[in-house]
Protein chains: 2
Amino acid sequence: MAATLKDVALAAGVSIKTVSNVINDYQHIRADTKQRVMEAISELGYSPNLSARSLRSGKTGVIGLAVPELSLSYFAELADSIIKAAERRGLKVLIEQTGGDRAHELEILSSPRLQMTDGLLFSPLGMSNEDAHHLNVNFPLVLLGERIFGGPTDHVTMSNVESARAATAHLISKGRRRIAVVGGHEGEVIGSAGLRLRGYQQALEEAGIPFDPSLVGYTTFWHRANGATTMKALLESGVEFDAMFGMNDTLALGAMRVLQEAGRRIPDDVAVIGFDDLDEGRYSLPTLSTIAPGRDEIADTAVRVLQERISGPDSDVPPREFEAHFQVIERESSALPG
Amino acid sequence: MAATLKDVALAAGVSIKTVSNVINDYQHIRADTKQRVMEAISELGYSPNLSARSLRSGKTGVIGLAVPELSLSYFAELADSIIKAAERRGLKVLIEQTGGDRAHELEILSSPRLQMTDGLLFSPLGMSNEDAHHLNVNFPLVLLGERIFGGPTDHVTMSNVESARAATAHLISKGRRRIAVVGGHEGEVIGSAGLRLRGYQQALEEAGIPFDPSLVGYTTFWHRANGATTMKALLESGVEFDAMFGMNDTLALGAMRVLQEAGRRIPDDVAVIGFDDLDEGRYSLPTLSTIAPGRDEIADTAVRVLQERISGPDSDVPPREFEAHFQVIERESSALPG
DNA sequence: AGGCGAGTCTACAACGTTGTAGGATGAGCG
DNA sequence: CGCTCATCCTACAACGTTGTAGACTCGCCT
């Protein structure tokens, strides 16, 4: 069906290899030969067979991206950034959804499901630090997210502790001292929740505010519904607070809705800040203050580092850790006289 | 590096082809031979080279999905559904973002960028019905969305007219007669905006309500910001209305925020319904009534049809059109005594 | 005894590409 | 005139897999 090098070679009256050379910009080709080949190519509508090329070269030009779910806005926006970053480097992206399920995540690492790709950007959610050794695989792998630290691979992550500290400090700078947290994971030390809670505590400490555990609302997942139910529980517990730090925007938005239903004014009664800088927070009522975690920087770094691992010499470079730069973005939900 | 059929064959003391036969479940193999081969396979950690397999078979097991942007929630959720549907059928999905740009969309159709895939699910935004002939490509292609109708390929779409009519009828059933629309595209006949506006008009007609053009708010894009500015313009125009139909949820949410800022109560002063059934609308304040467009059905149909085209005999089946089933979902934003 | 068919396995070619080695041509130089 | 050397091109092999054709064994039927 589709034209091959052979067809083009026949049409142009040259050898197969010469056509191949033209395509690959080999230097020593006479101008008229080149011209003739080019004409034959466009006449036959030839385009190279990528499977064959992959077989020869061992490279596919495709990278894998494994995320929990695209319907979680953060991962959708991350995927967007990553696809764009990959495109800039001439790579395509094949997306795999793990559902945040540990078994599914391990399966992706061990089975040949991503055979078609040159390497993998991996954002686990179900795995924990004890699973780090599973990352010891024999293909290029770059880890994303905050579930595992000190693993055997390159790792690109947010500045979780510092940015959570900045978020909390921001609320403190607005005169708030009773700051509720929505989204804690009981007993977690590593992981977005654990790290961000640490940042929260650091900020309190710096300001000389004692840490009150009853202000921390725990939840397993970070969906809108969880933000809502966690906030409901906080309200029912009767604990007082004049500010809230949502561990991500989605939680914050769900929680805000419950606060408003309960008659609390934002930011007057409760100042709110989230985390992630989702587009959504720009148009909520009120607009949501947040931490911009440097998504484009994360995407760009991750793709660049993966590409280095793919083409670079084997493993003489030890695993590296990258932290993206964050920014505190003040919007209406925390806009108060500082 | 990685083990090949040859290595396994050597280890098991059989021919390459026998190993291949074991892998492909060929019937006539002695039990002990099979056993020996299996052992060699797991011992060497063999897994087939997919590039080679693709080269031989002409199939990659990967389909392409071209959408405007994953940061648009609708497309993120669509991609989610499609990846899941593809997984059920043993396919992987490679995602390409067009940015909704016509030139970029045409380029994807004409260039060999998606060579690595067996077929393409294509959701254009910039192209219009006049570009339909560009869909006449020589690889399996299934069209999604409402930009082009009557094209030369299979097409999976929402019931735009009918569901917009149902949305409007829903507002009418709540006693509303002055129904504003947010998201019209000036002069458009085909396309989500044009079709949904038609459904809106049909519902009015059925109810004997005259169509008032000044109730239609036009906008080019369907982001949150556009919903907000369009609603601002409507309010400034001084036109009166007691309900609003947002052509999608994002627009509706943006518009709701402006309405609330202007002091209009929802649903008391203005009843609101959107379109798309985004997760977000389940946790907005108030929760957003909407049309569930049957996303899973769309995804499932699209993947199934594409797979049929990929493996099926060539083109003896004429292009087919599929319309997913929709549902009106009533939430707080339109919850009024019927 | 000869022949047949089912079961089991193998050798070889082919998919379309690129790397390697080397052949042919002509210019430059002693 | 003969040599070298750069330029331009070609033949062949190889990447790892699967389809095709056929070899060989065995039991069973005529």
Side-chain angles (χ1 to χ4, degrees), chain A residues 1-41 44-62 112 114-118 138-139 310-311, chain B residues 1-41 44-62 112 114-118 138-139 310-311:
Chain A
M1 195 93 288
T4 72
L5 281 185
K6 207 169 138 190
D7 302 323
V8 177
L10 207 66
V14 294
S15 80
I16 293 182
K17 190 63 220 277
T18 299
V19 181
S20 170
N21 284 339
V22 169
I23 290 166
N24 294 288
D25 273 331
Y26 180 68
Q27 301 249 342
H28 305 300
I29 305 176
R30 272 212 316 267
D32 63 325
T33 314
K34 190 163 178 170
Q35 168 104 20
R36 235 172 341 128
V37 171
M38 297 287 245
E39 276 164 14
I41 285 177
L44 295 172
Y46 167 81
S47 77
N49 178 314
L50 299 191
S51 294
R53 200 175 259 186
S54 298
L55 176 57
R56 252 325 304 221
S57 67
K59 300 258 180 301
T60 63
V62 178
L114 288 170
Q115 266 277 359
M116 293 237 89
T117 63
D118 295 336
N138 60 354
F139 53 86
I310 289 171
S311 56
Chain B
M1 195 94 290
T4 72
L5 282 185
K6 206 168 139 191
D7 303 322
V8 177
L10 206 67
V14 295
S15 78
I16 293 182
K17 189 65 222 274
T18 299
V19 181
S20 170
N21 284 338
V22 169
I23 289 166
N24 294 286
D25 273 330
Y26 179 69
Q27 301 249 343
H28 305 301
I29 305 177
R30 271 211 319 263
D32 63 324
T33 313
K34 190 164 179 169
Q35 169 104 17
R36 240 175 332 132
V37 171
M38 298 288 245
E39 277 164 14
I41 285 177
L44 295 173
Y46 168 81
S47 77
N49 177 312
L50 299 190
S51 295
R53 198 173 260 185
S54 298
L55 176 57
R56 250 331 297 225
S57 68
K59 300 259 181 302
T60 62
V62 178
L114 287 170
Q115 266 277 356
M116 292 237 89
T117 63
D118 295 337
N138 60 355
F139 54 85
I310 288 170
S311 55

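Below, read A as the first sequence line, B as the second, and so on, with proteins coming before strands; counting in each chain starts at 1.
Between Ala2(B) and Asp7(B), the closest heavy-atom pair is O-OD2, 4.2 Å. Across all non-hydrogen atoms, the minimal contact from Ser51(A) to Leu55(B) is CB-N, 3.8 Å. Between Tyr46(B) and Thr4(B), the shortest heavy-atom distance links the atoms CE1-C, 3.5 Å. Nearest heavy atoms, Thr60(B) versus Ser54(B): CA-OG, 3.6 Å. The two atoms that bring Ala12(A) and Arg36(A) nearest to each other are O-NH1, 2.8 Å, heavy atoms only. When every heavy atom of Val62(B) is checked against every heavy atom of Met116(B), the shortest pair comes out as CB-O, 4.0 Å.
Put simply, OH on Tyr26(A) is 8 Å from C1' on dT7(D), counting in whole angstrom units. Going from atom CZ of Arg30(B) over to atom C1' of dC26(D) covers 11 Å, rounded to whole Å. For Asn21(B) and dA11(C), the CG to P distance is 13 Å, given to the nearest whole Å. Atom CD1 in Ile29(A) sits about 15 Å away from atom C1' in dA6(D), given to the nearest Å. In this entry the distance linking CG of Leu10(A) with C1' of dT10(D) reads 15 Å, nearest Å.
For the segment residues 31-41 of chain A, the set of residues with a heavy atom within less than 4.0 Å of an atom of DNA chain D comprises Thr33(A), in numerical order.
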Enumerate donor-acceptor pairs with a distance under 3.5 Å from any side-chain N or O in residues 24-31 of chain A to protein atoms, sequence neighbours excluded.
| residue | atom | partner | partner atom | Å |
| --- | --- | --- | --- | --- |
| Asn24(A) | ND2 | Ser20(A) | O | 2.7 |
| Asn24(A) | ND2 | Ser20(A) | OG | 3.4 |
| Arg30(A) | NE | Asp32(A) | OD1 | 3.2 |

- [ ] Take Val22(A) and Val8(A), measure what side-chain contact (heavy atoms from CB on, under 4.5 Å) needs, and give me the verdict at the end.
- [x] CA-CA 11 Å; Val22(A) 169; Val8(A) 177; over 6 Å; no
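Remark: Thr18(B) is in phosphate contact with dT10(C), judged by side-chain N or O atoms under 4.0 Å from OP1 or OP2.
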- [ ] Sugar-phosphate means primed atoms, P, OP1 and OP2; the rest is base. With that split, encode nucleotides 12-17 of chain D 5' to 3' as B, S or - using protein heavy atoms under 4.0 Å.
- [x] -BBBBB
